[in-house]
Each structure stands twice: as C-alpha cells, then as structure tokens.
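First the proteins, then the strands, lettered A, B, ... as listed; each starts at 1.
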Protein chains: 2
Amino acid sequence: MEKRATIKDVAEAAGVGVATVSRVLSGGSASPRTRERVLAVAAQLDYRPSALGRNLRQRRTGGMGLLVPDLTDTFFGQLAEGVLACGRSAGEPVLLASTADDPEQESEMIGMLLEQGVDRVIAVPSGGADTWRPAIRAGMAVVFADRLPADAAEPAGSTGVRDLMLLDGLPAAAEPAARPVDVPAVLADDRAGIRTAVRYLRGLGHRRIAFLGGPGHDRRVAAFREAVGDPVDEELVVFATGSRDAAYAAASGLFQSRPDLSAVVAAGNVLGEAAVLAARELDLRVPRDVSLVMYDDVPWAELCSPPLTVIAQPGRDIGYRAAELVLRTGARRPRTVVLPTELIVRGSCGPHR
Amino acid sequence: MEKRATIKDVAEAAGVGVATVSRVLSGGSASPRTRERVLAVAAQLDYRPSALGRNLRQRRTGGMGLLVPDLTDTFFGQLAEGVLACGRSAGEPVLLASTADDPEQESEMIGMLLEQGVDRVIAVPSGGADTWRPAIRAGMAVVFADRLPADAAEPAGSTGVRDLMLLDGLPAAAEPAARPVDVPAVLADDRAGIRTAVRYLRGLGHRRIAFLGGPGHDRRVAAFREAVGDPVDEELVVFATGSRDAAYAAASGLFQSRPDLSAVVAAGNVLGEAAVLAARELDLRVPRDVSLVMYDDVPWAELCSPPLTVIAQPGRDIGYRAAELVLRTGARRPRTVVLPTELIVRGSCGPHR
DNA sequence: CTTCTCCATGGAAACGATTCCATCATGCTT
DNA sequence: AAGCATGATGGAATCGTTTCCATGGAGAAG
C-alpha cells in the first residue's frame with residue numbers, strides 16, 4: 001500500500017509550481033512546453049487529483065445524491081440505473097440512500113447528504129414539502145423523480161404539470177414575503193396513463209373498477225378519480241403502506257369486501273404483484289373473474305399467466321433525465337419534464353361478464 | 001441559501017477555541033461546563049461538521065463503495081438494500097456504481113472510488129483478480145459479495161470456501177516474493193444449493209439436466225458439474241452474457257438444440273425468466289415438458305404459473321453482512337462468510353416422463 | 001531604445017476539520 | 001510550602017487542492 005502521489009510531488013518532479021500543475025490539469029493556460037512536461041510526469045507518477053482536496057477548496061462535493069424508497073422494487077431499480085448511467089457519462093459519483101417511504105428516514109438522509117457536502121439530489125420523495133424545505137434552503141439543487149411531495153402545490157392546468165412551487169418560508173424579518181422556489185421534476189404522464197387504462201377497461205364493459213394504491217401514488221389516484229368521474233365509489237379506492245405484506249392485505253381485503261368489482265388498476269408493480277397473489281388465493285381467475293391493469297412494465301409482467309396488461313413508464317429514462325437536470329442546474333433554470341406512458345395490452349383484461 | 005456554520009463560528013460564539021469544540025463534538029475530554037456550553041451553541045447554530053474538512057484531514061472519505069452488475073436484477077436490488085441498511089445504522093454513506101458485468105467499467109469505477117478517497121468497497125466482482133489488484137494495492141478494504149473474481153484461486157476444501165487469496169505482485173525489487181493478500185467475501189452456499197437442486201431433479205427421475213448460466217456463475221457451474229458427476233454432457237451447459245436478450249437467446253437455443261433435455265437449472269433470476277419465456281415461446285409446458293429450478297427467490301417467482309421452484313439465497317443478508325465486514329475491517333481480520341441456501345419447492349418441477 | 005501589454009509562472013492564502021503540543025491552573029503528595 | 005502530576009484549553013500545523021495576486025520576461029508598438 002503505497003500512498004498516492006500529490007500535486008506537490010508532481011510539481012516537484014516536473015520542476016514547476018503546484019499552481020502550474022493545477023492549471024495544466026484543469027485546462028488553464030500554460031505554455032505547450034510545460035504542459036507537455038507536466039502531463040508526462042503526472043502520467044508517470046500515476047497521479048490522480050484527490051477529490052478530497054478539491055471538494056474542500058470548492059466547498060462542495062461533486063456528484064449527486066439519489067433517494068429512492070426501495071431498491072427491491074424493480075421500477076426504482078430501473079430508475080437508479082438511469083441515474084447511474086448519466087452519472088457515469090458525466091464522471092460524477094452517485095451517493096445512494098433508500099428511505100423505505102418513511103419521511104423521517106428521508107429527512108435523516110437529507111441531513112447526511114448535507115453533511116457530506118452533496119449539493120445535488122435527485123429524489124423520489126416520501127415526505128411532504130416540509131421535509132424538503134431545509135434541503136432547498138441549504139442551497140441544494142433538488143430534482144424530484146416519479147413523484148412530487150404529497151402536499152406540494154401542483155397547478156393542475158390542462159397543459160400538464162408545471163414547475164412545482166415550494167414556499168420557502170424565510171425568517172419574516174429578512175424578506176417582506178415568502179419567496180416561492182420551484183423544484184423541477186421528471187414525471188411520467190400519470191394522468192394520461194391512468195385515463196387510458198380506465199377507458200380501456202370501460203371499453204371492455206367494466207363499471208366497477210377499483211384502484212389499489214401505495215405511498216406516493218397521489219397523482220395517480222387523482223387521475224383515477226378524474227377518469228372515472230362522479231360519483232366515485234370510495235370503497236373501491238384503497239391504499240396500502242409500502243410493504244409487500246400491506247399490499248397483499250389491501251388487495252385481499254379489497255377483493256373480499258367488494259366481490260362485485262370486476263377490474264382493478266394497481267398503481268405500482270408491488271401492488272400489481274399483490275393483486276395477482278390475492279386473486280389467486282381467493283380463487284379469482286384473471287381475467288375471467290377480474291381484470292387487472294398494473295402500473296410499471298417490469299420484466300416479469302410477461303411471465304405471469306396470463307401476462308399482465310400494464311401501463312408502461314420509462315423508469316430508466318426518468319432517472320437519466322432527472323440526473324441530467326440536476327447536473328445542468330445553474331445553466332438555465334431547468335423545467336419539469338413529463339414523459340409519456342404507454343398502455344401495453346397483454347392478457348390480464350377481459351370483457352365484463 | 002445561507003451558508004452553514006463552521007467549527008470556527010461555534011468556537012467564537014461559545015468563547016472557546018476550535019480545538020475544544022472539536023473535542024467536545026467527537027467525544028474527547030472537556031470539562032462539563034464547557035461541554036455543555038459548546039453543545040448548546042452548536043445546537044443553536046444548527047452546526048453540522050462538514051465531512052469535507054474531516055475527510056481531508058484524515059485522508060479518507062468515510063463510507064463505502066458498492067459495485068453491482070445491474071440494479072435491474074432483483075437479487076442485486078436486495079443485496080443493495082442490505083448494504084444500505086447496514087450503512088444507515090452505521091451512519092456511513094454509500095457510493096453506488098453499476099458495472100453491467102463489464103470488467104472495464106468495473107475498473108473505471110474502482111478508479112473513481114479511489115479518486116473520491118473511498119477506501120472501503122463491497123463488490124460483486126465482474127473482472128478477474130487483475131482488475132482488483134490495483135484497488136488492494138492502494139489500500140482499499142475490499143469485500144466480495146455473492147461471487148468471487150473469475151480467476152481467483154479458491155481452495156475447494158471440503159469445509160467450504162476459505163479466504164480468497166489474491167497474489168499481490170509487488171515490484172520485484174521491494175519484496176523478495178509475491179505476498180498473498182486475502183480478501184474476505186460473503187457468499188451463498190452455491191455448492192449445497194446446486195447439489196440439492198440437482199438431487200431433487202434426479203429424484204424426480206430427470207437424467208438430462210441442463211445448466212443455464214450467466215456472468216459470474218463459475219462457482220455454480222462448478223457445483224453443477226460436481227453434482228451431476230461424470231460424464232457431463234457439455235451441450236447441456238450453456239452460458240449467456242449479462243443482458244436479458246442474451247439470456248433469452250441462450251435459453252431458446254438450448255431448448256431447440258436439445259429437445260431431449262427434461263430439466264433446467266437456471267443460475268440466476270434473469271436466466272430463469274428467460275427460460276420461462278423461451279419455453280413458452282416454444283410451446284414447452286412447465287413442468288410437463290420441462291422442469292425448471294431457478295437460483296434466487298424473487299417475489300415474482302410465485303407469480304409465475306406454475307410458481308417457480310427456486311434455490312433461495314438471502315440477498316439482503318449477504319449485503320448486510322458484507323457491509324458489516326468491510327466496516328469492521330481492521331479490528332480483527334475478517335474471514336469469509338458462507339450463508340445457507342434453501343430449496344423452495346413450488347410447482348415448476350414434475351416427474352420425468 | 002523605451003514603454004506598454006500580455007502571458008506564463010510560482011508563492012501563498014484559502015477551504016473546514018482534526019490533532020499535536022505547549023501552557024496554565026488546580027489539587028495532591030511529601 | 002514546594003514540587004509534581006493531572007487535566008482542560010487554545011494556538012498552530014496539517015491534509016491536497018484551487019485560485020488570487022504579484023512578478024518577471026518577451027514581444028509589440030511607438
């Protein structure tokens with residue numbers, strides 16, 4: 001274990017000052033002669049600048065933080081791969097944390113990132129705007145992915161999602177009024193996705209359509225309500241907490257309490273999985289007894305029998321774009337992006353009988 | 001965006017020296033009076049020590065790196081969750097990178113970690129020992145998880161896996177002979193898992209059993225060969241590269257070239273998925289026409305019809321233990337750990353006909 | 001030939017923590 | 001009462017980089 005060469009070593013060996021070495025290595029001006037020599041010596045010594053020193057000097061860690069609820073959920077795995085891909089091509093490291101959909105853990109992780117000097121985060125938020133205000137106040141560049149904080153004010157204009165506004169409650173003395181800060185986000189077009197699914201089910205004759213949601217599916221349930229139109233049968237809209245057990249319990253409870261339902265929209269792949277399992281357990285046949293549409297196109301959707309009809313959203317792209325946004329921050333104010341969803345019809349929906 | 005308070009601010013506000021603040025905060029000796037005052041001031045200023053400064057001084061970043069091939073693979077998602085859980089409880093950040101099973105990318109990522117000053121890594125290795133030697137030479141504490149480097153010398157004693165030896169080729173001048181360096185690892189008991197599966201299939205009457213492997217499944221294929229005994233029908237042992245497409249192609253090719261096979265052991269969940277898909281495409285019924293055992297117990301194994309019989313390995317535990325090992329490094333020399341596997345019989349295997 | 005400008009260059013000051021070491025006060029032993 | 005040990009405390013060095021600023025030399029313009 002030999003210690004690594006420092007910039008000082010390089011400077012010495014090349015017979016120049018450290019400033020010159022630094023300039024050469026970071027593309028500043030230097031005479032061709034010295035540039036060449038420095039480069040040669042650096043290569044020969046296998047010199048790699050220490051991120052530690054640089055970060056301290058520049059008062060920020062490079063790279064970005066990534067906060068997801070649960071990597072065991074294939075969708076978040078895809079999203080993470082997207083972020084990682086972008087990070088790799090930008091040469092930026094990625095700090096990962098999972099929050100288990102718990103605002104408290106999320107808050108803790110934000111603190112950890114702050115401590116690490118990470119000032120760029122892409123997050124699938126679990127907590128509300130309150131959880132995120134400290135981060136933004138601390139000057140973090142935040143980009144939300146896949147979701148918005150539960151209580152964020154989202155202008156529901158017909159043009160789609162606009163930039164999210166978080167009220168930044170400054171100390172009353174400093175500013176006359178609270179200043180709005182907008183956080184960009186990369187989202188799937190949940191509204192269109194859900195609407196398409198509901199219309200598809202309607203077209204098959206289904207009237208009693210249930211919605212099975214989990215944490216963070218607020219936009220989806222809103223879209224569902226809108227698509228179904230009044231009156232919404234509230235018993236057919238159920239929510240589970242994040243765990244697989246809870247999802248199963250919710251699905252099972254739904255099927256048992258309302259045997260009259262004929263179709264289910266599961267708002268995420270964990271919920272879809274739970275619905276399939278619960279249906280099987282209760283001897284409900286898909287799609288004969290109940291039709292199922294699942295959000296997220298995961299590889300195993302095709303393995304089910306029948307293969308699951310899904311609302312596909314581009315998990316990897318969402319991650320990649322979010323990472324792009326958070327890295328470009330500062331250039332021009334990034335705006336939120338909405339990516340299209342697609343209804344992929346396979347075999348889990350049938351006509352109402 | 002107000003800048004964060006530094007240790008100097010705290011010292012000033014508390015009327016003490018920075019050294020005292022540092023001591024109080026890191027548990028050194030201090031009089032109860034000053035300790036109290038410093039703590040109060042720190043809390044009041046919302047002071048959080050910057051990891052940047054600390055890391056530079058101590059010449060190492062805290063935290064650990066995590067290298068996995070692909071987060072889209074549920075098993076690695078589980079593993080990552082384990083690492084994250086351990087990191088969280090130890091208060092250590094985790095730097096994530098995925099390698100796509102490409103030694104070159106892996107090597108690049110190791111370089112990145114080195115640059116970041118990360119000196120502890122837990123890795124699912126893709127490259128050989130050569131890829132890892134530089135890391136170890138640089139003083140990194142490495143723990144392998146789930147696999148060993150392809151060409152690592154693994155003493156195949158009957159007691160199970162022993163510490164992995166990587167020959168550390170020092171400059172010949174410095175040391176008289178190459179010095180062995182051992183890298184601990186956390187593995188599943190592949191040998192037992194595969195053996196159990198093969199015996200189970202044998203017990204059902206299967207004689208022509210195929211093995212469908214991917215990158216990093218060397219230990220599993222070795223175990224397969226051992227379990228099957230001589231002579232091994234080499235046409236029944238096929239390998240695919242990491243992608244889902246390649247896995248599908250391999251599975252499909254296998255079924256087509258050897259219609260006489262009656263059972264398949266898939267060495268990972270991506271391969272299992274591919275096998276199911278390929279079988280369906282070729283109108284082979286599971287388990288009537290072909291029996292299938294898959295490595296990895298992923299949630300969706302139960303969703304298949306019939307539900308998949310699997311060799312379960314504790315992905316989350318593997319990650320957690322590996323993280324523990326890499327964090328404890330230095331205390332007492334960590335030894336490699338082998339965790340048990342379990343054959344979970346569901347419906348994808350039937351008697352040979 | 002002088003003066004002005006420009007550029008390459010190196011010294012030194014940050015950045016925010018930890019930690020060595022010297023200092024000083026206190027209380028105890030002899 | 002003097003000397004000594006103990007413990008609290010603050011100043012300053014240090015980690016490896018970037019960046020500001022001053023210096024010096026060379027070439028151009030007058």
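- Counting only heavy atoms from C-beta outward, the side chains of Val183(B) and Ile136(B) approach each other to under 4.5 Å.
- The local environment of CD in Gln58(B) is crowded, with over 12 non-hydrogen atoms from other residues, nucleotides or ligands closer than 6.0 Å.
- Remark on the helix from dC1(C)-dG30(D) to dT30(C)-dA1(D): inter-end axis angle 50°, axes from five-pair C1' superpositions, rounded to 10°.
- Classification of Asp119(B) and Arg59(B) as a salt-bridged pair fails, no side-chain N sitting under 4.0 Å from a carboxylate O.
- For the segment residues 9-17 of chain B, the set of residues with a heavy atom within less than 4.0 Å of an atom of DNA chain C is empty.
- Counting any heavy atom pair closer than 4.0 Å across all strands shown, Ser26(B) reaches no nucleic acid atom.
- The side chain of Val18(B) sits closest to dT18(C) out of dA17(C), dT18(C), dG10(C).
- Take Asp146(A) and apply the side-chain contact (heavy atoms from CB on, under 4.5 Å) test, not counting sequence neighbours, and it matches Phe75(A), Phe76(A), Leu79(A), Val124(A), Arg220(A), Gln313(A).
- Contacts with DNA chain C (heavy atom under 4.0 Å) in residues 47-64 of chain B: Tyr47(B), Arg48(B), Pro49(B), Ser50(B), Gly53(B), Arg54(B), Leu56(B), Arg57(B), Gln58(B), listed by number.
- Scanning for side-chain contact (heavy atoms from CB on, under 4.5 Å) contacts around Arg57(A) gives an empty result, with sequence neighbours left out.
- Contact of the Val16(A) side chain with the Val21(A) side chain is registered, since non-hydrogen atoms from C-beta on lie closer than 4.5 Å.
- In this structure, CG of Leu45(B) is placed 15 Å from C1' of dG16(C), rounded to the nearest angstrom.
- Glu108(A) and Arg88(B) are not joined by a salt bridge, as no carboxylate oxygen comes within less than 4.0 angstrom of a charged side-chain nitrogen.
- Ala19(A) comes within contact range of at least one nucleobase, with a heavy-atom separation under 4.0 Å.
- With a cutoff of under 4.0 Å to any heavy atom of chain B, the contacted region of DNA chain D is bounded 5' to 3' by dA8(D) to dG16(D).
- Taking all atoms of both residues into account, the shortest heavy-atom contact from Pro69(A) to Arg147(A) is CG-NH2, 3.7 Å.
- Between Leu96(B) and Leu71(B) there is a side-chain heavy-atom pair separated by less than 4.5 Å.
- Judged by distance alone, the side chain of Ser26(B) and the main-chain N or O of Ser22(B) form a donor-acceptor pair under 3.5 Å.
- Of the possible polar contacts, none joining the Asp317(A) side chain to the Gly82(A) backbone as a donor-acceptor pair under 3.5 Å is found.
- Projected onto DNA chain D by closest heavy-atom contact, Arg23(A) and Ala5(A) fall at different nucleotides, the more 5' of which corresponds to Ala5(A).
- In this structure, a donor-acceptor pair under 3.5 Å is absent between the side chains of Ser98(B) and Asp70(B).
- The neighbour count for Glu104(B) CD, taken as heavy atoms of other residues, nucleotides or ligands under 6.0 Å away, does not exceed 12.
- At a threshold of 4.0 angstrom between heavy atoms, the contacts of Ser31(B) are confined to the sugar-phosphate backbone, with no base atom among them.
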